[in-house]
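For reference, the structure is listed below as structure tokens.
Nothing here was measured: the structure is a model prediction, and the numbers come from that model.
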Amino acid sequence: MSHTATAQQQAHAAQAQGSYHFILTLQLSLGNGFQVFTTEGTHTPPADWSRQDFYKAIRDSIVQQHPELARANTLFFDVQPNRI
């Protein structure tokens, strides 16, 4: 069995993963310390989305799952095409 993926297999894998890779880190004051939350993943946004639209959608999704993070500050956000 060959470990070399064909261009078609690689394109399918990228589509299954999403066309963009993102990382978002939030920080929330918690008593005398902080809670830090980092998430990463892939997503294929609509063609008319801006970088801000992407950020807001990811952040809103996190807050929906973890409402306590609604007050969190963003420490880091990056979104890049999901390819090497």
Side-chain angles (χ1 to χ4, degrees):
M1 175 187 263
S2 172
H3 291 286
T4 304
T6 66
Q8 184 178 11
Q9 289 169 326
Q10 291 171 346
H12 176 70
Q15 283 180 327
Q17 290 182 358
S19 59
Y20 286 86
H21 178 258
F22 65 87
I23 301 172
L24 176 62
T25 300
L26 302 174
Q27 178 179 286
L28 178 65
S29 294
L30 191 64
N32 291 330
F34 298 97
Q35 176 184 4
V36 177
F37 178 90
T38 298
T39 189
E40 63 83 28
T42 62
H43 182 66
T44 301
D48 62 342
W49 270 23
S50 66
R51 185 176 175 90
Q52 183 180 25
D53 294 330
F54 200 109
Y55 166 78
K56 286 182 175 184
I58 298 304
R59 186 175 171 103
D60 289 349
S61 175
I62 291 168
V63 169
Q64 188 174 35
Q65 296 171 34
H66 304 277
E68 70 278 10
L69 293 174
R71 302 180 298 112
N73 294 312
T74 299
L75 293 180
F76 181 80
F77 172 70
D78 189 37
V79 59
Q80 299 286 329
N82 189 26
R83 65 180 190 285
I84 295 181

Under the side-chain hydrogen bond (donor to acceptor under 3.5 Å, both in side chains) rule, collect the residues that match up with Thr25, sequence neighbours excluded.
Thr38
Indicate yes or no for a side-chain donor-acceptor contact from Thr44 to the backbone of Ser19 under 3.5 Å, with no hydrogens or angles considered.
yes
Could you check whether atom CG of Asp48 has more than 12 heavy atoms from other residues, nucleotides or ligands sitting under 6.0 Å from it?
yes
Ignoring hydrogens, what is the shortest heavy-atom contact between Phe34 and Ser29? Give both atom names and the distance.
CE2-OG, 3.7 Å
Which of Trp49, Tyr20, Phe22 passes ring pair (Phe, Tyr, Trp, His ring centres under 6.0 Å) with His43? Answer is Trp49
Could you tabulate the donor-acceptor pairs under 3.5 Å formed by side-chain atoms of residues 64-77, not counting sequence neighbours?
unit_1	atom_1	unit_2	atom_2	d
Gln65	NE2	Ser61	OG	3.4
Thr74	OG1	Tyr55	OH	2.6
Thr74	OG1	Arg59	NH1	3.1

For Arg51, is the CZ atom crowded, meaning more than 12 foreign heavy atoms sit under 6.0 Å from it?
yes
For the atom pair CD1 (Ile62) and CG (Leu26), what is the distance rounded to the nearest 0.5 Å?
5.5 Å
Under 4.5 Å between side-chain heavy atoms, hopping through other hydrophobics if needed: is there a path connecting Val63 to Ile58?
no
